[in-house]
Amino acid sequence: MSDNTIIEMRNINKTYDNKVIINDLNLNINKGEFITVIGSSGCGKTTVLKMINGLNTPDRGEIFINGENIKNENIIELRRKIGYSIQGTSLFPHMTIEKNISYVPNLINKKDKDEVKKSVSKLIKVVGLEESILNRYPEQLSGGQQQRVGIARALAAQPDILLMDEPFGAVDEITRKQLQDEIVRIHKELEVTIIFITHDIKEALKLGTRVLVMDKGEIVQFNKPEVIKKHPANDFVRELVL
Ligand SMILES: Nc1ncnc2c1ncn2[C@@H]1O[C@H](COP(=O)(O)OP(=O)(O)OP(=O)(O)O)[C@@H](O)[C@H]1O
Ligand SMILES: [Mg+2]
């Protein structure tokens, strides 16, 4: 493991109902990478993602974040350090946008209300929204706006790692394009490490500094977009990039 490694997964196995879902998976992710993950439905993408923030645990294998085995870490602390954004409305419907974003534990704990307000104002701008929406409720926003608020909330803990599970799946093409440009900008600006699951190969190739292709619980190729395009590792990848 090099100093630059932020996430390392070693010999990860997961079985559900006697069915092997993840088979001896090994993975190294460097600080500041933007990893896109793609593969057929049910191949284990979400399962792997959730292992990184302890929402799921492997049957066998070890996971290290910044060199620390997550087995030895407090799971609440771990989740606090890792942003998690999923498709659709994960916002609390009965809370304003402002409350939704500041709900993140380390903002709640802050006594200084002005400071919290400042962070929220900054975050809402980071995701390309106007402060005027802060007093609205989620149902008073469009799907794309809600998705942006979801990202703002995931960023509120100033995480080193941002996990995103098909975050732009439910929005129209134009909004999706805007969100893609936004997340690329955020990635550069905040130097956060992103792992981003998508069903869309174009999105995977456009956003990823490296693309991880999974099939049946295994990594079939993990490389730069141009390499994936030029030298697909097998027929599965070849079909995908066609
Ligand atoms: N709690 C569970 N109990 C039993 N089986 C599960 C459980 N969670 C996931 N699985 C199974 O594990 C496999 C991998 O699921 P996972 O959610 O990781 O797939 P995915 O690659 O994210 O798929 P999708 O692209 O459809 O989101 C699937 O076959 C799924 O049915
Ligand atoms: Mg999934």
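In each ligand, atom 1 is the first atom listed, and ligand 1 is the first ligand listed.
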Residue of the set Lys113, Arg153, Lys118, Lys117 for which salt bridge (Lys or Arg N to Asp or Glu O under 4.0 Å) holds with Glu98: Lys117
Which of the atoms of ligand 1 are close to [X], meaning less than 4.0 Å from one of its heavy atoms?
X: Ile21; value: 12 (O), 13 (C), 14 (C)
X: Glu166; value: 25 (O), 27 (O)
X: Thr47; value: 14 (C), 15 (O), 16 (P), 18 (O)
X: His199; value: 25 (O)

Can Gly44 be said to touch ligand 1, with heavy atoms closer than 4.0 Å? yes
Could you establish whether Lys14 and ligand 1 come within less than 4.0 Å of each other, counting only heavy atoms on the residue side? no
May I have the step-by-step check of side chain to side chain contact (heavy atoms under 4.5 Å, CB included) for Tyr84 and Leu55, ending in yes or no? CA-CA 11 Å; Tyr84 185 49; Leu55 281 172; 3.6 Å; yes
Please work out whether any backbone atom (N, CA, C, O) or any side-chain heavy atom from C-beta onward of Thr46 is under 4.0 Å from ligand 1, and answer side chain, backbone, both or neither. both
Any protein heavy atom nearer than 4.0 Å to atom 4 (C) of ligand 1: yes
Is any heavy atom of the protein nearer than 4.0 Å to atom 31 (O) of ligand 1? no
Classify the side-chain pair Asn23/Lys216 by whether it contains a donor and acceptor separated by less than 3.5 Å. no
Winner among Lys216, Lys19, Lys45 once heavy atoms are compared against atom 20 (P) of ligand 1: Lys45
May I ask you to check if any N/O/S atom from Thr47 comes under 2.8 Å of the Mg ion (ligand 2)? no
Would you indicate whether the side-chain heavy atoms of [Y] and [X] approach each other to under 4.5 Å?
X: Met214; Y: Val48; result: yes
X: Ile97; Y: Asn135; result: no
X: Val127; Y: Ile186; result: yes
X: Thr5; Y: Phe64; result: no

Quick one: sort the His187 and Phe34 rings into parallel, tilted or perpendicular, breaks at 30° and 60°. perpendicular
Heavy-atom nearest neighbour in the protein, as seen from [atom], with distance rounded to 0.1 Å:
atom: atom 26 (O) of ligand 1; value: Ser41 OG, 2.6 Å
atom: atom 28 (C) of ligand 1; value: Gly42 O, 3.7 Å
atom: atom 8 (N) of ligand 1; value: Tyr16 CE1, 3.4 Å

Would you say Gln146's side chain and Leu141's backbone share a donor-acceptor pair under 3.5 angstrom? yes
